[in-house]
Asker: 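Here it is: the structure, laid out below.
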Amino acid sequence: MLPLIDPAVAHARTITPAVRVEAEKLYRACCDIGFFTVKNTNLSTEEFVDIFTLAHRFFAQPLEEKMRISIENSSHHRGYGKVGAEQLSPETPADFKETFDMSRDLGPTHPGVRAGDLFYGPNQYPQFEGFKETVERYYQRLSETGLNLLALMAVSLELPIDYFDPLFDDQTSVLRMIHYPPVTDAGQISAGVHTDYGCLTLLAQDAVGGLEVKPRGQDWIRVPYEPDMLVVNIGDLMQRWSNDVFQSTPHRVVPPLGVDRYSIPFFLEPNTKTRVACFDSCVTPKTPCRYEPIFSDDWITSRFNQTYAYRQK
Ligand SMILES: O=C(O)CCC(=O)C(=O)O
Ligand SMILES: [Fe+2]
């Protein structure tokens with residue numbers, strides 16, 4: 001069982017006894033497992049249902065239609081990724097999944113777009129009525145929930161409760177829809193063993209299940225589906241930021257044979273040029289800072305290039 005955290009207590013950015021309780025639970029979860037679950041988000045049950053319905057409709061289209069918004073046409077890593085586009089583990093074949101990625105839909109007046117930044121730009125959307133509105137609303141909701149979790153994390157790290165807010169006010173988070181087609185032989189890997197690149201991942205999965213997590217020194221844990229629940233994990237950038245106090249835990253997807261599975265991760269990432277240097281509270285005489293400061297976007301770019309076939313051409 002993964003620990004359950006209530007992000008809503010941090011909404012007002014005021015340190016209350018409830019904030020301290022949740023921050024302490026979150027801290028332990030991040031140190032010991034790197035994964036936890038979240039309920040009491042600002043998403044309604046209908047919004048969970050709507051986003052999955054949209055994902056089903058999107059992936060049900062013919063391949064040619066989906067390829068009109070191929071990620072390979074985007075200078076900003078947005079749009080449709082066909083089966084085989086991503087290989088999360090170098091040890092196993094490319095992942096047996098298709099994806100749709102979006103971020104904040106930014107036009108030419110945004111300074112990052114003008115500067116030609118990879119992380120700021122327009123989305124590529126399919127032509128459905130309501131698609132843009134539904135995914136953008138979901139993105140907004142997940143961003144709020146993610147920032148509430150970061151507020152708890154800030155408290156647990158002895159930082160001001162609103163420490164992360166200005167670092168995410170021009171965020172580069174990515175919302176992804178994933179369809180795993182039915183696996184028919186054991187050689188097909190839905191999602192290979194990997195860690196996530198960034199800060200925090202907030203995942204909605206469907207009732208099929210299949211997500212498995214391997215905390216340090218423990219066996220694989222299966223993460224069961226529960227309605228209205230998000231599964232959250234620490235990514236490599238946050239592990240680095242915390243001087244390895246928090247764990248970015250390996251995970252994989254092993255769904256039951258022969259069924260379609262859908263999941264919707266939200267990768268919460270800061271503004272570009274966020275300087276990631278060990279938090280003071282994570283550095284002690286016995287555990288000096290292990291990492292050079294790095295800019296968040298340089299880190300994410302290097303990780304993309306390792307896992308995407310089209311970026312290696
Ligand atoms: O589909 C899932 O349950 C997990 C997906 C995942 O780990 C990822 O895309 O990074
Ligand atoms: Fe992942």
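The structure presented is a predicted model; accordingly, all values stated were derived computationally and were not measured. Numbering of ligands and ligand atoms starts at 1, following listing order.
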Asker: Output yes when Glu212 and Arg222 qualify as a salt bridge under the 4.0 Å nitrogen-oxygen rule, no when they do not.
Answerer: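 Counted as a salt bridge, because a side-chain N and a carboxylate O are separated by less than 4.0 Å.
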
Asker: Would you say the side chains of Tyr291 and Asp244 form a donor-acceptor pair under 3.5 Å?
Answerer: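 The criterion, which ignores hydrogens and geometry beyond distance, is satisfied for Asp244 and Tyr291.
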
Asker: So, for Phe131 and Phe100, is the gap between ring centers shorter than 6.0 Å?
Answerer: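 That pair passes the under 6.0 Å test.
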
Asker: If you have a sec, read the angle at the Fe ion (ligand 2) from His251 atom NE2 over to Asp196 atom OD1, to 10 degrees.
Answerer: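 About 90° at the Fe ion (ligand 2).
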
Asker: Heavy-atom pairs closer than 4.0 Å: do any link ligand 1 to the side chain of Asp196, the backbone, both, or neither?
Answerer: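 The part of Asp196 near ligand 1 is the side chain, not the backbone.
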
Asker: Please state which option from Lys97, Arg261, Glu212, Gln205 has its nearest heavy atom closest to atom 2 (C) of ligand 1.
Answerer: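 Residue with the shortest heavy-atom distance to the ligand atom: Arg261.
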
Asker: Among Leu203, Leu202, Asn233, which one satisfies side chain to side chain contact (heavy atoms under 4.5 Å, CB included) with Pro265?
Answerer: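 When Leu203, Leu202, Asn233 are each tested with Pro265, the side chain to side chain contact (heavy atoms under 4.5 Å, CB included) holds only for Leu203.
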
Asker: Counting from 1, what ligand 1 atoms have a heavy atom of Phe267 closer than 4.0 Å?
Answerer: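 Every atom of ligand 1 under 4.0 Å from some heavy atom of Phe267: 9 (O), 10 (O).
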
Asker: Output the list of atoms in ligand 1 that are nearer than 4.0 Å to some heavy atom of Tyr180, sorted by atom number.
Answerer: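 The list of qualifying atoms is 1 (O), 2 (C), 4 (C), 5 (C).
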
Asker: Among all protein non-hydrogen atoms, which one is nearest to atom 8 (C) of ligand 1, and what is the separation to 0.1 Å?
Answerer: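 Looking at atom 8 (C) of ligand 1, the protein heavy atom closest to it is His194 NE2, 3.7 Å.
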
Asker: What protein heavy atom is closest to atom 4 (C) of ligand 1, reported as residue, atom name and distance in Å?
Answerer: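 Its nearest protein heavy-atom neighbour is Val253 CG2, 3.7 Å.
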
Asker: Can you say whether the rings of Tyr139 and Phe266 are parallel (under 30°), tilted (30 to 60°) or perpendicular (over 60°)?
Answerer: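 Rings of Tyr139 and Phe266: perpendicular, over 60°.
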
Asker: A quick test of your reading: do over 12 heavy atoms of other residues, nucleotides or ligands sit less than 6.0 Å from NZ of Lys82?
Answerer: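 At most 12 heavy atoms, drawn from other residues, nucleotides or ligands, come within 6.0 Å of this atom.
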
Asker: Can the positive tip of Lys273 be found less than 6.0 Å from the middle of the six-membered ring of Phe295, inside 45° of the ring normal?
Answerer: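 The answer is yes; both the distance and angle limits are met.
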
Asker: Can you name the atoms of ligand 1, numbered from 1 with element, that are less than 4.0 Å from a heavy atom of His251?
Answerer: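 Going through ligand 1 atom by atom, the ones under 4.0 Å from His251 are 7 (O).
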
Asker: Going by the order shown, which atoms of ligand 1 are within less than 4.0 Å of some heavy atom of Ile178?
Answerer: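 Matching atoms, with element in brackets: 9 (O).
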
Asker: By number and element, which atoms of ligand 1 are closer than 4.0 Å to a non-hydrogen atom of Leu203?
Answerer: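 Here the atoms of ligand 1 in question are 2 (C), 3 (O), 4 (C).
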
